[in-house]
Amino acid sequence: TYNALINGLCSNRKIESALKVFDQMGRKGCLPNVKTYNEMINGFCMTAKIEKAMVLFNRMLKVGPPPNRITYNTLINGYCKCGYLSNAMRLLDFMKENGCEPDEWTYTELICGFCKVGKLELASKVFDEMVERSLSANEVTYTALIEGHFKSGEVDVALSLLERMEEMGGELNVQTYNVVINGFCKENMLSEAEKLLEKMIERGLLPNVVTYTSLVDGLCKNGAVHLAFRVVDEMVKQDCMPNLHTYSVLVYGLCQEGKAEEAEALIGEMEAKGLVLDEVTYTSIIDGFVMLGRLDHAFSLLKRMVSAGCKPN
RNA sequence: ACUAACAGAUCUUGA
């Protein structure tokens with residue numbers, strides 16, 4: 001009961017409330033088990049409070065319950081997510097010393113972490129260690145590597161990894177396609193991206209809002225805002241609704257073309273749909289008016305942002 | 001219902 005509750009609170013980023021429940025349950029004679037601790041640790045990691053996660057971890061080491069593989073994986077992921085890769089590697093050693101065998105998840109998290117900070121060499125070292133331990137890379141591992149190579153501009157390597165994935169059998173999933181489509185878009189290879197979109201549909205996969213938003217962004221950033229709107233029409237036809245990210249990309253695209261007025265109209269449409277604008281959307285539109293020299297209006301949007309309860313960062 | 005991969009802005013990225 002308590003675990004379900006804590007998990008629910010953590011997934012909703014209510015870590016403070018989760019902590020209250022966590023502290024209370026002990027007093028009510030129900031001691032937290034490993035899963036409870038893991039959930040709390042993950043909750044802290046997801047909100048970038050790794051130090052607090054480590055406090056709980058140390059308590060587990062001292063008074064139990066002893067950490068298991070999931071505890072270690074969760075913490076390693078937490079360190080990876082905030083770029084502390086050396087701490088993540090230290091935890092890998094520590095878990096081995098304590099007789100806890102790393103698994104595919106452990107290595108995949110580290111590979112992803114190294115890819116995210118552009119350390120492809122280290123990512124492939126981790127990959128090799130994983131293989132030496134006769135663990136096999138799965139679609140998540142490969143997708144992380146593909147993304148890493150795209151972000152480092154090594155499109156050819158990324159594509160050869162994709163081929164390898166296909167050769168090893170198994171269909172690619174939507175998320176893998178998304179990474180490649182977004183990679184192409186970021187490299188301004190829009191026709192490749194569109195070809196891949198068609199291919200995934202042919203293979204019976206349903207593109208989702210991330211797929212379409214990547215394309216919309218690619219088009220906007222290549223001076224084809226009008227085509228971006230056609231993609232949005234298409235996604236709506238496919239019953240895939242544009243979300244905050246999608247609109248935000250369009251707002252930015254319009255503003256970059258000097259069409260801040262049109263962007264503002266779009267914002268009206270977002271509000272009418274009940275979407276809540278965030279600081280990213282506001283920054284785009286404010287910047288749009290700044291670029292037009294209309295500082296008065298930029299400031300009034302800033303006010304509107306604050307009164308809408310959105311905190312400027 | 002304990003852990004891993006995907007989309008948006010601004011500023012910065014120093015010999």
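Side chains included, hydrogens not; waters and symmetry mates left out as well; all remaining heavy atoms used. Protein chains get the first letters and strands the later ones, always in sequence-line order, with residue 1 at the start of each.
Checked against a 6.0 Å centroid threshold, the rings of A:Phe57 and A:Tyr37 do not count as neighbours.
Judged as a side chain to side chain donor-acceptor pair (under 3.5 Å), and not counting sequence neighbours, A:Asn58 has no contacts.
With rounding to whole Å, A:Asn68 atom CG is found 12 Å from B:C2 atom P. Remark: P of B:A1 and CG of A:Leu9 are 16 Å apart, rounded to the nearest angstrom. Protein atom CE of A:Met291 is 11 Å distant from nucleotide atom C1' of B:U10, rounded to whole Å.
Between the side chains of A:Asp278 and A:Thr281, a donor-acceptor pair is found at a separation under 3.5 Å. For the 3.5 Å distance criterion, the side chains of A:Thr74 and A:Asn38 fail to qualify, holding no donor opposite an acceptor.
Between A:Tyr282 and the phosphate of B:U10, there is no side-chain N or O to OP1/OP2 separation shorter than 4.0 Å.
At most 12 non-hydrogen atoms from other residues, nucleotides or ligands lie less than 6.0 angstrom from OH of A:Tyr84.
Using a 30° and 60° split on the angle between ring planes, A:Tyr72 and A:Phe94 fall in the tilted class, from 30° to 60°.
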Taking only nitrogen or oxygen atoms into account, show me every contact under 3.5 Å that the protein makes with nucleotides 3-7 of chain B, one pair per line with its distance.
| residue | atom | partner | partner atom | Å |
| --- | --- | --- | --- | --- |
| B:U3 | O4' | A:Thr74 | OG1 | 3.3 |
| B:U3 | O2' | A:Glu109 | OE2 | 3.0 |
| B:U3 | O2 | A:Asn73 | ND2 | 2.8 |
| B:A4 | O4' | A:Glu109 | OE2 | 3.1 |
| B:A4 | N1 | A:Asn138 | ND2 | 3.0 |
| B:A5 | OP1 | A:Lys81 | NZ | 2.9 |
| B:A5 | N7 | A:Gln175 | NE2 | 3.3 |
| B:A5 | N1 | A:Asn173 | ND2 | 3.1 |
| B:A5 | N3 | A:Thr143 | OG1 | 3.4 |
| B:C6 | OP1 | A:Lys116 | NZ | 2.8 |
| B:C6 | O2 | A:Asn178 | ND2 | 2.6 |
| B:A7 | N1 | A:Asn243 | ND2 | 3.0 |

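Counting distance only, with no hydrogens placed and no angle test, the side-chain atoms of A:Thr281 and the base atoms of B:G8 include a donor-acceptor pair under 3.5 Å.
At least one donor-acceptor pair under 3.5 Å links the side chain of A:Asn222 to the backbone N or O of A:Gly218.
Here A:Lys81 does not pair with A:Glu109 in a salt bridge; the nearest charged N to carboxylate O distance is not below 4.0 Å.
Residues of residues 294-313 of chain A having a heavy atom closer than 4.0 Å to RNA chain B, listed by number: A:Asn313.
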